[in-house]
There are 2 protein chains.
Amino acid sequence: MNIGEIARRAGVSRSTVSYVLSGKRPVSAATRQRIQAVIDELDYRPNASARALKEGRTRTLGLVIPPASRRLTDMQLGFVASVVEAAARVDLDVLLSPSGGDHDRSFERIVTGRRVDGVVLMEIRLTDERVTRLEQTGLPFVTIGRTARPHGMSWVDVDYGGLIASCVHHLADLGHRHVALVNRSAELVAAGYGPGSRASAGFAEATAERGLVGVDVCCGDDVAAGEACVEELLATHPEVTAVATVNEAALPGMQRALESAGLVVPRDFSLTGVAARHWAENFRPSLTAADVPIVDMGAEAVSLLLERIAAPDTAPRHRLYRPPISLRASTGPVPAARGAR
Amino acid sequence: MNIGEIARRAGVSRSTVSYVLSGKRPVSAATRQRIQAVIDELDYRPNASARALKEGRTRTLGLVIPPASRRLTDMQLGFVASVVEAAARVDLDVLLSPSGGDHDRSFERIVTGRRVDGVVLMEIRLTDERVTRLEQTGLPFVTIGRTARPHGMSWVDVDYGGLIASCVHHLADLGHRHVALVNRSAELVAAGYGPGSRASAGFAEATAERGLVGVDVCCGDDVAAGEACVEELLATHPEVTAVATVNEAALPGMQRALESAGLVVPRDFSLTGVAARHWAENFRPSLTAADVPIVDMGAEAVSLLLERIAAPDTAPRHRLYRPPISLRASTGPVPAARGAR
DNA sequence: TTGTATGCGTTATCAA
DNA sequence: TTGATAACGCATACAA
C-alpha cells in the first residue's frame, strides 16, 4: 500500500494525498474527506524509509548503551526506559546500539548510515572515542555523563564528586573519623569512567577538608563483589565506621557482609552514597543517599538532543544534577566504642 | 556524501561502486582498489533509508516493551538486553516501542510504517490486541510469552504453570501442608497476563493433586507490595509454612516481612518459585527456584523471528522453556511444631 | 569488465 | 484548488 494507490482510489493525484497528510497546502473539504476515507479504510501510513530519504531525517534517535554482555545495572536500564519514554512522547522512535569500545559495527552503522537524527550516548568515559567519532561526523549528540573536557558539547550528568563529598561531610558531622568509599569496579575506574574518578576525587577532597582518614576501594558491580569488598575492608581497616558508595549494585552484598560481621546499620556502621531513589527506599534499612533523578535525566537528555537537532549552530547546553541527600535510616552517630579510639 | 560522489571521485559509474560494496558482480582489482580507497578516505557508508526503500527491508527489528511508566522489572529489562545483543550479532538494529494497550502511536508507527522487518512482542496477554494487529498486517512477529491460543504463531515462553507445580511438589515432599502462591499484581492477572494465570492454574492443580491447602494471592511488582502481602498472609493464614512465587520483584519485601515476623528461612518458612538465576543466587538465603533462561530466550526469539522473516510461509515454531528447579538454600522440611497441627 | 537507465515511495516545486 | 514532475540515494536489470 502506497500513496499512489490511495490517490488512484480517491481519484486524485499523489501530491494531493500528500498534502492531506501533511496539511501543508489547503485542500477542499470534499476531496480531503474522500481521501481521508480511503486512508482510513486501508489503514494507510507513509513508508518511513521513503519519507526519511526524501526529507533527510529519520524521526529516530539512537541510544548507545553498554554492551549487554556484562549485565546492565538498574540505573543504566532506568536511563534506557526514560529515554525511550521521553522520545515516544514526541513521536520519535529509539534505535538501540549496544556499543562499548570503538569501531563497533552497530555504532558505525547507526552513526554513518544516517539511520538516526541524533544520538544519546550512555556511559561516557573521560576520554571517549565515540564522542570523537560523533564530533567528526557532525551528527547531533548528547551524553549522559561527561568527558574530561565537556566544553562545547551537550550533556547531562550527576555531580558524583560533590555528592560523595556531601556524604562525607554528613558522616563527619555524625562524628565518623574513619570512612571508606566503595567505588565502581577497578576496570571501570582505570578505563577513565567519570563517575568513578570524580567520586574518588570528591572523596579525597572532603576527607582532607574534614581531617578524616579515608579509604578508597573499588568494587565490582554485583552483590558478590560488594560482599567480598566489605569483608576485606573490615578485615584490613577495622577502624572504619562508615561507607559512602556510588556502587548501587553492590549494596546488598555490602549489607550482607556487615551483617555477617555482626554489625548493625546504622547502630554500628553507617552506610550512604548515591543511588536511584527506589533503590535507596527499598534498601534495608532505607538508605540515606543522594537520589539520582533518572527519569528527569533521560527526559532532559532527549530534550537537549532535540535542541541540537533543531538548531545545530546554537551553543550546546548541559545540566549537572546535584540532588540533595535524602536522610533516611542508614546513617547514625559514630558508635561510641569505636569512634573513641 | 553519497554513492554518486564516490563514483565521481573514483572516476567510475555509480553502479560499479555499488557492486564493489555488495560484491555481487566481479570488479577488476585495479578499479576496486581505487574505489575502496575513496570509500575509506571519505568513510562512506550507504544511506540506510535509501537502501531500505530500494530493497524493501530495513535490517531492523522492532521490540515492543511495556510502557516505562511503571518501572520495568529486572527480567523484562534482561529480555531487552538479550534481544538487542542477539540482533547485533547478526548486524540488525533494534527499534524500541514502549506500547502497552492498543492504538499506541509508537506501535502503529512501527508496524504500519514499515520501519522494521519483524517484531518481538514482550509481555503478551492471553488475548492481545497487538497480536491481532500484527496478524492483520502480515508483519512477521514472535512473542515472548504466549496467548491463550498460540497455535499458528511463533513464540518462546516459560512453563510457569508446570514450574509452579514442581515447586509445590517439592514443598509437599518436604512435608509442607499449607502453602501459598504469591502471584503478580491483581491488575496483571485480571488483565489476562499469561504467567499469572498459568501459575495460578498450576498451583491449584498441584495442591489438589497432593492434597495440600493452597492460598493464592496477588502482589504488586515491588518490594513494598511484597512486604505487605506476606504480612497479611501471615496474619490471615498463620498455618502457611511455605510460599512459591513468580513475583521476583516482590521477593526482598517478602523476606523482610518474614524476618519482621521472626521467621527464619528456611528453618521456619520455605520460599521458592521462578526467577532469573542471578536473582535467585543473590537472594539471601539463596533461592531454590526454577531459573528463567533470559538470555537464551531472547536469542531464541530473535532466531525464530529471523526464520519468520526469511520464510514467512513455513510453519511457525515455538519453544517452551521448562528449566529444572535449582535446589538452593531457601527451602527445607516443614517446621515440626507447625507442620504438626 | 564496466556503464546506462529505471524505480523504490515520498515530498515539494512549478504549472495550470 | 489541484496535477504533473523532479529529486532523495541506492540496487539492479539491461546494454555494451
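Proteins get letters first, then strands, A, B, ... in listed order; numbering begins at 1 in each. Excluded from the calculations below are hydrogen atoms, water molecules and symmetry mates; all remaining heavy atoms, backbone and side chain alike, are included.
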(request) Name the closest nucleotide to the B:Ser13 side chain, picking from D:dT2, D:dA11, C:dT4. (result) C:dT4
(message) Please find the pair of heavy atoms, one from B:Ser82 and one from B:Ala299, that lie closest to each other, and give the distance.
(response) OG-N, 4.4 Å
(message) Nearest to the side chain of B:Pro26, heavy atoms from C-beta on, is which of D:dC10, C:dT1, D:dA6?
(response) C:dT1
(message) As a quick check of understanding, evaluate side-chain contact (heavy atoms from CB on, under 4.5 Å) for A:Leu61 and A:Val119, giving each step before the final call.
(response) CA-CA 6 Å; A:Leu61 305 182; A:Val119 170; over 6 Å; no
(request) Between B:Leu53 and B:Arg32, name the one whose nearest nucleotide on DNA chain C is closer to the 5' end. (result) B:Arg32
(request) Give the nucleotide from the list C:dG3, D:dG9, C:dT10 with an atom nearest to the side chain of B:Val12. (result) C:dG3
(message) Using only modelled atom types and a 3.5 angstrom limit, is any donor from either the side chain of A:Thr31 or the base of D:dT2 paired with an acceptor on the other?
(response) no
(request) Return no unless some side-chain N or O of A:Tyr44 is found under 4.0 Å from OP1 or OP2 of C:dG9. (result) no
(request) Quickly work out the A:Arg14 CZ to D:dT1 P distance and round it to whole Å. (result) 22 Å
(message) I need the NZ-P distance between B:Lys24 and C:dG3, as an integer number of Å.
(response) 19 Å
(request) Would you kindly give the CZ-to-C1' distance between B:Arg59 and D:dC10, to the nearest whole Å? (result) 12 Å
(message) From C-beta outward on B:Glu55, which listed nucleotide comes closest to its side chain: D:dA11, C:dG9, C:dT11?
(response) D:dA11
(message) Of the listed nucleotides (D:dA11, D:dG3, C:dT2), which one gets closest to any side-chain atom of B:Ile3?
(response) D:dA11
(message) As a test of reading the structure: which of D:dA11, C:dT10, C:dT2 is closest to the side chain of B:Ser28, going by heavy atoms?
(response) C:dT2
(request) Write down the distance between CG (A:Asn47) and P (C:dT11), rounded to a whole number of angstrom. (result) 10 Å
(request) Would you mind reading off the distance between A:Tyr19 atom OH and D:dT2 atom P, rounded to a whole angstrom? (result) 13 Å
(message) When you measure from the side-chain N and O atoms of A:Ser18 to the phosphate of C:dT11, is any distance below 4.0 Å, counting only OP1 and OP2?
(response) yes
(request) With DNA chain D as reference, determine whether B:Ser22 or B:Ser49 sits nearer its 5' end, using the nearest nucleotide of each. (result) B:Ser49
(request) Give the rounded distance in Å between these two atoms: NZ of B:Lys54 and P of D:dT12. (result) 7 Å
(message) Could you walk me through whether A:Thr127 and A:Thr132 satisfy the side-chain contact (heavy atoms from CB on, under 4.5 Å) test, starting with their C-alpha distance in whole Å, then the side-chain angles of each, then the deciding distance to 0.1 Å, before giving a yes or no?
(response) CA-CA 9 Å; A:Thr127 68; A:Thr132 323; over 6 Å; no
(request) Round to the nearest Å and state the distance from B:Met1 atom CE to D:dC10 atom P. (result) 10 Å
(message) Between the base of C:dG3 and the side chain of B:Thr16, is one N or O donor paired with an acceptor at under 3.5 angstrom?
(response) no
(message) What verdict does the side-chain contact (heavy atoms from CB on, under 4.5 Å) test give for B:Asp157 and B:His318, after you've listed the backbone C-alpha separation in whole Å, the side-chain angles of each residue and the deciding distance to 0.1 Å?
(response) CA-CA 8 Å; B:Asp157 202 356; B:His318 62 259; over 6 Å; no
(message) Walk me through whether A:Glu135 and A:Phe141 qualify under side-chain contact (heavy atoms from CB on, under 4.5 Å).
(response) CA-CA 8 Å; A:Glu135 280 172 336; A:Phe141 69 97; 3.9 Å; yes
(message) In this structure, how many angstroms lie between the P atom of C:dG9 and the CG atom of A:Asn2, rounded?
(response) 5 Å
(request) Could you pull out the closest heavy-atom pair between A:Ala10 and A:Ile35, with the gap in Å? (result) CB-CG1, 3.9 Å
(request) Establish whether the base of D:dG3 is bridged to the side chain of A:Arg25 by a donor-acceptor pair shorter than 3.5 Å. (result) yes
